[in-house]
Amino acid sequence: MKAAIIVFPGTNRERDMRLALKRASGREPVMLFHREAALPQGLDLVVLPGGFSYGDYLRCGAMAAQSPIMRAVVDFAAAGGHVLGVCNGFQIMIEAGLLPGGLLRNATLRFLSMDCRLRVERAATPFTGLWQKGDCFRAPMAHGDGNYFADDATLDRLEGEDLVAFRYVDEAGQATEAANRNGSARNIAGILSPNLRVCGLMPHPEDLVDPLMGGIDGLPMFESLAQRFVAA
Amino acid sequence: MKARVYVMPKTGVLDPQGKAIGNALEGLGFGGVRDVRAGKVIELDLAEADPAQAKQIAEDMARKLLANTVIESFRVEIV
């Protein structure tokens, strides 16, 4: 798997992401700075990692979405490329129009730094291939603006087309209000594009990929991607 | 020409910041605050001298960057 990680000023989770991709695929991803205007040839996957790009000025992700490299990333996605966005990366994707909706301030106004539980809503995608639908796993989260919002028509379309990737759930795997700490619409934690090749989510599966981190709950995401591109 | 762009959370979109400000006002003894919405104001100094043109430019800027029209509405004022 040939992967690239995009680094913006203020990105701070790129090394965690590199570790996860390297561990799953055995191959070192390339790091690309926001000023680059083009992606290297033959990339399988582009990853927008977490952080606080451009100090969250204006809106989280709004400045990064306008940087030169994002034009190349949008073109890459339009041509059928695979793109993963985590946390600030998800915010950037939304601001760049790669995925629908918006991410509001957490309903409690608190920055949430804790583990959450996610339920896999859509299996058999490049990002969730090694999970079954309904599988639950632990994922750390760390964000102030992760409250997913979209109008009812968009939410209905996402659900109707089965494009919700992950939901926040409790220990019993139920999508309760208490499990939905940031207040996201319909407990949505992550969504997919219609071609299933673009995925954005708020929690950090890349931060649970080694027993030394306290677990490997997030590893299936990266192994799913790695397997897809071994076969290709 | 100066333009002022008012960006507000859309009606129906949860505004936890506004809610928190409302609660704080109540805590200070200001009764009768029914609702608080918090947005932002962006001031632009534009080279354009024609007010109608300037307004159009600022609105274009708001649509493309200054506001996220999924969650926010905006209004441009030429000053």
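Bear in mind that the values here come from a model prediction, so they are computed numbers and not experimental data. Residue numbers begin at 1 in each chain, while the letters A, B, ... track the order of the sequences.
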Return yes when atom [atom1] of [X] has more than 12 non-hydrogen atoms of other residues, nucleotides or ligands closer than 6.0 Å, and no otherwise.
X: A:Arg157; atom1: CZ; value: yes
X: B:Arg63; atom1: CZ; value: yes
X: A:Tyr57; atom1: OH; value: no
X: B:Lys19; atom1: NZ; value: no
X: A:Arg181; atom1: CZ; value: no

Please give me the minimum heavy-atom distance between [X] and [Y], naming the atom from each residue.
X: A:Gln66; Y: B:Leu65; value: CG-CD1, 3.7 Å
X: A:Leu109; Y: B:Gln17; value: CD2-N, 3.7 Å
X: A:Ala107; Y: B:Pro16; value: O-CB, 3.6 Å

Could you tabulate the donor-acceptor pairs under 3.5 Å formed by side-chain atoms of residues 48-55 of chain A, not counting sequence neighbours?
from    : atom 1 : to      : atom 2 : distance (Å)
A:Ser53 : OG     : A:Asn88 : OD1    : 2.8
A:Tyr54 : OH     : A:His34 : ND1    : 2.8

| query | Under a 4.5 Å heavy-atom cut-off, does chain B meet the side chain of A:Asn147, its backbone, both or neither? | reply | side chain
| field | Heavy-atom contact with chain B under 4.5 Å, split by part of A:Leu58 | value | both
| field | Side chains of A:Phe149 and B:Leu14 in contact at under 4.5 Å (non-hydrogen atoms) | value | no
| Who are the side chain to side chain contact (heavy atoms under 4.5 Å, CB included) partners of A:Phe76, not counting sequence neighbours? | A:Leu39, A:Leu43, A:Val46, A:Val83
| said: Give the interface residues of residues 67-79 of chain B toward chain A, defined by a heavy-atom separation under 4.5 Å. | reply: B:Ala67, B:Asn68, B:Val70, B:Ile71, B:Glu72
| note | By residue number, those in residues 31-55 of chain B with heavy atoms under 4.5 Å from heavy atoms of chain A are B:Lys40, B:Ile42
| Taking A:Arg105, A:Met63, A:Arg59 one by one, which has the highest count of heavy-atom pairs under 4.5 Å against chain B? | A:Arg59
| Choice from A:Ala62, A:Gly101, A:Pro100 maximising heavy atom contacts with chain B below 4.5 Å | A:Gly101
